[in-house]
Amino acid sequence: MSASAFDPSIFDRMRYDTRPVLSDAERADLVRIDACRLFRQTTESERLAWRLYVPVRDALAHGSASKIERTIAWGAFTDHMLRLDRPYFGWSTDDWETFVGPGGPCERRKLSRACALSVGYLCCDFRGFATFDRATAYTTPIAERVFGSAAVVAADERVGAILEGAGYPRGKPVYLRRVVSLLLLAAGSPRLEAVTLEHLDAAYTEGNLPESARRTVHRVSRALELAGLTTRPVRIPGHSRPVERTGVAPEWVAWCDRWRATSPRAAKNRDNVHSTVLRVGLWLAERHPGVRSPTDWTAETCLDFVAMAAEATTGRYAFVERRGAGKPMTAKAKSGLLYAVRSFFADLQQWGWTEPRFAPHVALGLPPAIRRQLGPSPRDIDEVTWLKLVWASLNLAPEDLRAGGPTGRVFYPFELVRAVAVLWTHAGLRANELSRLRCGCARAQGGETTGDGVVGGETGRRVPAGSVCLLEVPYSKTSAPFSKPVAGVVREAVEAWEALRPDQPKRLDRKTGHLVDHLLSYKGRPVSTTYINTSLVPMLCKKAGVPVEDSRGRITSHRGRSSAVTMLANARQGMSLVELMAWCGHRSPASTMHYLRVRPARLTEAYAKADESAYLVGVLVDAEAVQDGSAAGAPWKYYDLGSSYCTHAFWSTCAHRLACAGCAFNVPKASSRGQALEAKASLERYLERVPLTADERSAVDGDLSKLDELLAKLAGVAAPDGETVGGQIGGDGAGEGRPEVTPLIPLPVLSVVPGTNPT
């Protein structure tokens, strides 16, 4: 029978007399009818019950019933009509259930349920059989009688092909065909295009179906979504908890709902603000019962709310009890509370819904005491633990997949899981960015391949071929799409999954509104943003032999992003802050600082380098005098002391090098000799390391009392010019008659000039 067998032109129930009551003559005629004989009269007028028999006869013929089956069916219908005293056109769901149920006429006369219910479906448009016990056991025979077996098989094979192409494993075909038949009967058409979301939701929630059948309904809804016939799968009750409103004034609830329906913010941000503002209604009901709408708020109300937020505790104003209630809120949580209310009132005033009675950004601003507690607080994973997790992601094996959750079930193929693991440990992406990556996002680094197996980058620096690839990151909350360099192993893992990825239809990217091919997609849906926290992290921790918590708490997806940034910053030749900002896709270095932690080893190394540079002083060497031999009895080495030069070749070991102004070897730069020295073209610049004693270091740091003590120790010690210096600056004694000594504080710290050689 063709797929159009249910066309009204073929079976039109409207052409029959469907009065739901029996006349006295019809009732008497049914009593006289022998249940085992068909009508043998030649004309319809000879039988008053003819209007009841013809629809049954035509419906059974439509379903290709045999002659004996038609005889048995008419007898069963006659028996039940007499018992109920009304024709089958007026039977209720309970009447039909009694008709086909245990001990009913169908069971007594050995008439199949499918045969009886197909008559009810065609003649009475009865579709309530989904609530019967074991309904799915006879939905396929009913659908085959109504639509024809060829149409049912075609619809079932179409759904199976869609699911198999999306990666769903082959289940028992009989279960899938039963559910497809149920949905076709509910839609009243053999075409899948006629099945709507209402039919799917009703079959899942209202039907008396076993759990296995409900799962199959959800799977069929996924197939229809993948085929573009519906916009979403069936709604599973309990997965979305309604927003609580108990204890909040109805006017306040109405304002909150109106704001939520109007706000153009992102869905997650809009929901967070909405739920927070609703909870503010609990505070209003307790502290300000007269304030029932935003129009009643004043500057005093805002001041009281800010004071409450500054001392807020967790769970104080909540609709349900939460674990850990009563603890002081963190500064970040207090800031989020004030941000939500501040944004709510700012939008209401901007849209002209309320009069501007106060400035939200001032009246509901963050108190300085809370603001001072905010700032970068990177929560990177402990270094040893993170390195073990990186190793685990690179050495993941198929047998490790069953450690990913409490049930031990495997939801994704191994290649997909390995790609997610490598991307998490090497790409430094947010969970949302990772799930929205597109096919072909990993590509080889640009440049020419040379004979020694390296790639020439844009800067001319050679990078080993295959060690680095470029990853295309989609649009995110802080940046437009961009490319970032990552380890070459990322490309290997991505391409391994792309080679096995089933063909799947494009899905809508909610951030861009475009239909795209998501890379990490299976069964037609991207990997959940919670998969890393709930499954991948426990799996990698078990593989690496580390706990799921470290010194800073539970290991999460976002902490992995912070660890990747911290590792790049603390490497031997780590990336700069600006480079890390570009790698993370941030618009400001301040955002990057929330992910970056300078580890103690890196800080110690940097300090050691800086401390070593503090002992360097610039030196000018007259190369021409050294080469022609004229330096034998004349100055050839000049120490740059800032405002003067020292012409003594052993200044670095001179005990008086902090008080050089009165020495004969000192040449002021402002003098004619100093200017002539700077004009010499044969001078070459160097850096020389000058070790300082403890007393000299204190004097360099600016401690004048230490300088006085140092000069006192040097009293009577001859200077390079043969003279001695007194115990006090500008003192008398052995140095009497000499100019006043001016200490050099501090020593100049010079950087290496390109082209010079440090010694």
Quiz prompt | Side-chain H-bond candidate by donor/acceptor type, His518 with Asp509, under 3.5 Å | solution = no
Exercise. Could you check Ser393 against Thr425 for side-chain hydrogen bond (donor to acceptor under 3.5 Å, both in side chains), going step by step and ending with a plain yes or no?
Key: CA-CA 7 Å; Ser393 68; Thr425 55; 3.0 Å; yes
Practice problem: Determine, step by step, whether Trp424 and Trp386 satisfy the ring-ring contact (aromatic ring centres under 6.0 Å, His included) criterion, reporting the C-alpha distance in whole Å, the side-chain angles of both residues, the deciding distance to 0.1 Å, and the verdict. | Solution: CA-CA 11 Å; Trp424 178 61; Trp386 175 246; 5.5 Å; yes
Quiz item: Are the side chain of Arg222 and the backbone of Lys523 linked by a donor-acceptor contact shorter than 3.5 Å?
Solution: yes
Quiz item: Are Glu472 and Ser483 close enough that a side-chain donor and a side-chain acceptor fall under 3.5 Å?
Solution: yes
Quiz prompt | Residues Asn533 and Ser557: side-chain donor-acceptor under 3.5 angstrom | solution = no
Quiz item: For Pro413 and Tyr522, which heavy atoms make the closest approach, and how far apart are they?
Solution: CG-CE1, 3.6 Å
Quiz item: How far apart are the closest heavy atoms of Arg430 and Arg561, and which atoms are they?
Solution: NH2-NH2, 3.5 Å
Quiz prompt | Closest non-hydrogen atom pair, Thr216 against Ser212 | solution = OG1-O, 2.9 Å
Exercise. Please test Leu519 against Glu498 for side chain to side chain contact (heavy atoms under 4.5 Å, CB included), starting from the C-alpha separation and ending with a verdict.
Key: CA-CA 7 Å; Leu519 170 68; Glu498 287 180 331; 3.5 Å; yes
Exercise. Please test Glu549 against Arg559 for salt bridge (charged side-chain N to carboxylate O under 4.0 Å, His left out), starting from the C-alpha separation and ending with a verdict.
Key: CA-CA 11 Å; Glu549 295 185 359; Arg559 292 191 62 193; over 6 Å; no
Self-check item: Which residues share a ring-ring contact (aromatic ring centres under 6.0 Å, His included) with His594, sequence neighbours left out
Solution: none
Quiz item: Side chain of Glu495, backbone of Glu492: donor and acceptor closer than 3.5 Å?
Solution: no
Quiz item: What is the minimum heavy-atom distance between Ala151 and Pro190, and which atoms define it?
Solution: CB-CB, 3.8 Å
Quiz item: In terms of side-chain heavy atoms, does Thr478 have a donor or acceptor partner in His586 at a distance below 3.5 Å?
Solution: no
Quiz item: Is the number of heavy atoms from other residues, nucleotides or ligands under 6.0 Å of Arg552 CZ greater than 12?
Solution: yes
Practice problem: Examine distances only and state if a side-chain atom of Trp255 and a backbone atom of Leu348 form a donor-acceptor pair shorter than 3.5 Å. | Solution: no
Exercise. Mind checking ring-ring contact (aromatic ring centres under 6.0 Å, His included) for Tyr531 and listing every partner two or more places apart, or none if nothing turns up?
Key: Tyr412
Practice problem: Check step by step if salt bridge (charged side-chain N to carboxylate O under 4.0 Å, His left out) holds for Asp347 and Arg342. | Solution: CA-CA 9 Å; Asp347 288 344; Arg342 186 166 60 244; over 6 Å; no
Quiz item: Side chains of Thr196 and His199: donor-acceptor distance under 3.5 Å anywhere?
Solution: yes
Exercise. Kindly determine whether Glu225 and Thr230 satisfy side-chain hydrogen bond (donor to acceptor under 3.5 Å, both in side chains), including the steps that lead there.
Key: CA-CA 5 Å; Glu225 181 192 15; Thr230 58; over 6 Å; no
Quiz prompt | Under 3.5 Å donor-acceptor, Lys543 side chain and Asn395 backbone | solution = yes
Practice problem: Verify salt bridge (charged side-chain N to carboxylate O under 4.0 Å, His left out) between Lys506 and Asp517, making sure each step is shown before the conclusion. | Solution: CA-CA 5 Å; Lys506 297 180 181 293; Asp517 288 315; 3.0 Å; yes
Self-check item: Distance-only side-chain donor-acceptor flag, Thr566 / Ser563, under 3.5 Å
Solution: no
